[in-house]
Each structure stands twice: as structure tokens, then as C-alpha cells.
Amino acid sequence: MFFEDLKYKCKEIPQTILGYGPFMAELYYGHRSRLYLDDLYNDPQNMAEVIIESYEQGVRAINLVNDDHILKAYDLAADAGCEMKVIATIGKSDVDYLNPNYEVAKEVDWDEDIELFSTYDCPLMLVDEFITDAYDWRLTSKILNRINDTGSLSGLVTAFPSRTTDLLADNIDMNLFDFYMIPLNSLSYMMDINAFNAAQRQEFVDRLLALDKKVIATRALAAGVLKPKEAFTFFKNVDYVDAIAIGVAKVEEAREDFELLKEY
């Protein structure tokens, strides 16, 4: 499961993507954020070793943002022979994830990000969630058009898969993008759905399928709340997800998690 390439519009997108969450020491990891800051973000060599192990486990794509520490780590891994497709997130800012200021997020130099990642093997660029979820549709459309001009495929990231999904069709040209990255896990953790029971799940899936976009699941492990086996069992029974982004914080985690994922 998730260890083949998705072929779409003359592009090949690996279905398993190494996420950047632990590398960026995102605050939604709670007390572990401080550990990730010291052990990963401030030590690109450690990040590179996690990337290398992920590559050795068959992962052929990485989600990158325009950040010097992470790009240095990726360069180190690439120098060691890791040839990965880059799934770029465009417009990533240092806005506090737990208390986001969407107006500040919209001021990020997203055009610089697009120019940067156009120099990588980058088949897909995604608009960052803090821009998407600001619901400034004119700005979002402008970024998508700029991405499409580069020849890369484009997509949106959202932190609110229920609310944002309901708004898209009435507010944006749906032909502008092909991919949709959403938080998705069996607990509905970090999703704007209070209880992911069977009825709610089917209603959500129906709305998601109506978009007719390629779906990338993120936060599949619910920021570490779920054990990998629990998380992957859920996805084994999900047929509407086309790719999955998984963040790992240690070489051992990369080995164990991606070896286990191959079994599903």
C-alpha cells in the first residue's frame, strides 16, 4: 500500500511522502516539539539521516518548505544518493499553528517559493494551509495559476477538511488544481470533525469525492497519538486516498514505520 507511483497528467507522484512536521518542530507535537527543535531542526545532519533511512525503506518523495535548515538537510541527503521527488508546500510561514494569524500568513513571499522549487524535481506544489484557510480566494487562485505556469501540478492544503471542502466549489475555479492535502486519521484528530463515527465518515467521504481531486492524507498518525499499526489499519480500508504523507523523527522510526506500511 502506497509504495507505487501515481501517474497523473504525465507526472509521477510517489504515493508515500516523507512529511516535514517533525523537522519543523511543529507546535502541535506538544512537549515533543522542543525535542524535535534540538534534535532535528537545529541539526540538519540528523534530519538528513532520517531522510536517508526513509529513502532506503523505499520512500521516494519528500514534502519540503522553503526553510534553510530543512533544505540543507535535504541537500545532504541528496549528496548521499537520495533521489526523491519534491512535493513542495508554497507559502509556508512562521505563523503560530495553534493561534494562526491568517493576515500575516498571506504576506509570505510565495512567489519566491515557487521560483525556488521550480529548480527541483518537483512534480507537485501545494498552497500552504494558512493561505488556503484564510479564504482569500483571489490570492489562492493567483498562486495556483502561478504554479500551473511552471508546469508543475498544483494543489491545496487545508487544516479544516470539512469546512474548506464545503466552500471550494462555490468560491474557486476547480480546474485550477488537482490535489488536495487534508489531515485524516481514524480519531479525526486535528480535523474539524468532532466525532468520526460511521455516518459522519460517509458524509465527509461523499463530499470529498464530489470534489474529484487526488487526495493526500497527512497527520495520519494523529501527531503521534496513534501507533503506526492502528493508523495504517485504518488506511487499509480507505479507497479514496491517493497518497499519504508521514513524518518521522528518528532513523529507527523511519525504519519501523515504513517497513510496517509495506505490509498493508
Checklist entry - Which is it for Tyr28 and Ser33 under the side-chain hydrogen bond (donor to acceptor under 3.5 Å, both in side chains) test, yes or no, and what are the steps along the way? => result CA-CA 8 Å; Tyr28 52 72; Ser33 296; over 6 Å; no

Item to check | Ser93 and Asp128: CA distance, side-chain angles, deciding distance, side-chain hydrogen bond (donor to acceptor under 3.5 Å, both in side chains) verdict | outcome: CA-CA 8 Å; Ser93 62; Asp128 184 67; 5.1 Å; no

Next on the checklist: Under the criterion salt bridge (Lys or Arg N to Asp or Glu O under 4.0 Å), I'd like the reasoning laid out for Glu253 against Arg32: C-alpha separation, chi angles, the key distance, then a yes or no.
Outcome noted: CA-CA 14 Å; Glu253 285 183 13; Arg32 284 169 294 153; over 6 Å; no

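Contact check on Glu230 versus Lys236 returns no salt bridge, with no Lys/Arg side-chain nitrogen under 4.0 Å from an Asp/Glu carboxylate oxygen. Between Asp113 and Lys92 there is no salt bridge, since no side-chain N of the basic residue sits under 4.0 Å from a carboxylate O of the acidic one.
Legend: residues meeting side chain to side chain donor-acceptor pair (under 3.5 Å) with Lys9, ordered by chain and number and at least two apart, are Asp178. Here Glu83 pairs with nothing under the salt bridge (charged side-chain N to carboxylate O under 4.0 Å, His left out) rule; sequence neighbours left out. The ring pair (Phe, Tyr, Trp, His ring centres under 6.0 Å) check on Tyr29 picks up Tyr36, with sequence neighbours excluded. Every residue was checked against the salt bridge (charged side-chain N to carboxylate O under 4.0 Å, His left out) condition with Asp67, not counting sequence neighbours, and none meets it. Applying the salt bridge (charged side-chain N to carboxylate O under 4.0 Å, His left out) criterion to Arg34, with sequence neighbours excluded, gives Asp38. In this view, Phe3 satisfies the ring pair (Phe, Tyr, Trp, His ring centres under 6.0 Å) rule with no residue, not counting sequence neighbours. Shown here are the salt bridge (charged side-chain N to carboxylate O under 4.0 Å, His left out) partners of Asp192, two or more places apart in sequence or in another chain: there are none.
Rounding to the nearest 0.5 Å gives a distance of 8.0 Å between CD of Glu107 and CG of Asn101. Taking CG of Asp5 as the reference point, atom CD1 of Ile13 lies at 8.5 Å (rounded to 0.5 Å).
Between Leu168 and Met174 the shortest side-chain heavy-atom distance falls below 4.5 Å. Pro100 is not listed as a side-chain neighbour of Asp96, based on a closest heavy-atom distance of 4.5 Å or more.
The cationic group of Arg60 lies under 6.0 Å from the six-membered ring centre of Tyr55 and within 45° of the ring axis, placing it in a cation-pi geometry.
Counting side-chain heavy-atom gaps under 4.5 Å among Ile, Leu, Val, Met, Phe, Trp and Tyr, Leu76 is found in no cluster with other residues.
Contacts classified as ring pair (Phe, Tyr, Trp, His ring centres under 6.0 Å) and involving residues 69-88 (residues at least two apart or in different chains) are given here: Tyr41-His69. Each ring pair (Phe, Tyr, Trp, His ring centres under 6.0 Å) pair with one or both residues in residues 166-185, not counting sequence neighbours, appears once here: Tyr8-Phe179. Residue pairs meeting the ring pair (Phe, Tyr, Trp, His ring centres under 6.0 Å) criterion with at least one partner in residues 100-132, sequence neighbours excluded, are Tyr97-Phe130, Phe117-Tyr120.
Between the side chain of Ser154 and the backbone N or O of Leu176, at least one donor-acceptor pair lies under 3.5 Å.
A donor and an acceptor atom, one from each side chain of Asn46 and Asp39, are nowhere located under 3.5 Å apart. Of the N and O atoms on the side chains of Asp173 and Ser141, not one donor lies less than 3.5 Å from an acceptor on the other residue.
Leu6 and Ile147 are members of different hydrophobic clusters when ILVMFWY side chains are connected at heavy-atom separations under 4.5 Å.
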For residues 256-264, which side-chain N or O atoms pair as donor and acceptor with protein atoms under 3.5 Å away, sequence neighbours left out?
| residue | atom | partner | partner atom | Å |
| --- | --- | --- | --- | --- |
| Lys262 | NZ | Gln57 | O | 2.8 |
| Lys262 | NZ | Gln57 | OE1 | 3.4 |
| Tyr264 | OH | Thr233 | OG1 | 3.4 |

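Remark: of the listed residues Ile182, Ile216, Leu126, Asp133, Leu126 is the sole one forming a side chain to side chain contact (heavy atoms under 4.5 Å, CB included) with Val157.
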